[in-house]
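A short write-up of the structure that comes next.
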Amino acid sequence: MNKSQLVEAMAEAAGIPRSAAGRALDGLMSAIATALKEGDTVSVIGFGTFSIKERAARMGRNPQTGKTIEIAASKVPTFKAGKALKDAVQ
């Protein structure tokens, strides 16, 4: 399912126009991104939790040359599915 299909499904489920569902989805994604950027976690009971994990710097290998390179530390967004979502998928 891509974004436009998700917007259409949201509009149908909520009984609202597609434009309103699109704005709602854009607002949701923006709010989650902003919260994660500020270091917060976003928990939606029954759905899941969005959070940030820190990856430590590590040594890697360039596959073309075989040389060892240093991979910098980074922050990555993560999602942990909630129980209701896990149960719905099974």
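Numbering starts at 1 and runs along the sequence shown. Keep in mind it's a predicted model, so treat the numbers as computed, not measured.
With rounding to the nearest 0.5 angstrom, the CZ atom of Arg18 is 10.0 Å from the CD atom of Glu12. We find the CG-CD1 distance between Asn62 and Ile69 to be 5.5 Å, quoted to the nearest 0.5 Å. Separation of atoms CZ (Arg23) and CD1 (Ile16) is listed at 8.5 Å; rounding is to 0.5 Å. Taking NZ from Lys37 and CD1 from Ile32, the interatomic distance works out to 15.5 Å, rounded to the nearest 0.5 Å.
Around the CD1 atom of Ile45, the shell of radius 6.0 Å holds no more than 12 heavy atoms that belong to other residues, nucleotides or ligands.
Contact annotation: the side chain of Gln64 never approaches that of Lys67 to less than 4.5 Å [non-hydrogen atoms, C-beta and beyond]. By the 4.5 Å heavy-atom criterion applied to side chains, Met59 and Glu70 are counted as neighbours.
When the side chains of ILVMFWY residues are joined at heavy-atom separations under 4.5 Å, either directly or via intervening members, Ile52 and Val44 end up in a single hydrophobic cluster.
Residues satisfying the ring-ring contact (aromatic ring centres under 6.0 Å, His included) test with Phe47, not counting sequence neighbours, are Phe79.
Of all the heavy atoms in Thr41 and Thr49, the pair that sits closest is CB-CG2, 4.4 Å. Annotation for Gly66 and Arg61: closest pair O-NH1, 2.8 Å, computed over non-hydrogen atoms. Considering all non-hydrogen atoms of both residues, Gly46 and Ala84 come closest at O-CB, 3.1 Å. Scanning both residues, Met1 and Ala9, for their nearest heavy atoms gives CE-CB, 4.4 Å. Shortest non-hydrogen contact noted between Ala21 and Val7 is CB-O, 3.6 Å.
Listed for the Gln90 side chain is no donor-acceptor partner under 3.5 Å among the backbone atoms of Asp87. Panel note: side chain Ser30, backbone Asp26; no donor-acceptor pair is recorded below 3.5 Å.
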Original post:
Under the side chain to side chain contact (heavy atoms under 4.5 Å, CB included) criterion, do Leu6 and Leu25 qualify, and how do the steps go?
Top reply: CA-CA 9 Å; Leu6 179 58; Leu25 181 59; 3.8 Å; yes

**OP:** Go through Lys3 and Glu8 one step at a time and tell me if the side chain to side chain contact (heavy atoms under 4.5 Å, CB included) criterion holds.
**Re:** CA-CA 9 Å; Lys3 184 178 177 182; Glu8 191 169 327; over 6 Å; no

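Counted by atom type alone, Ser51 and Thr78 present one or more donor-acceptor pairs between their side chains at under 3.5 Å.
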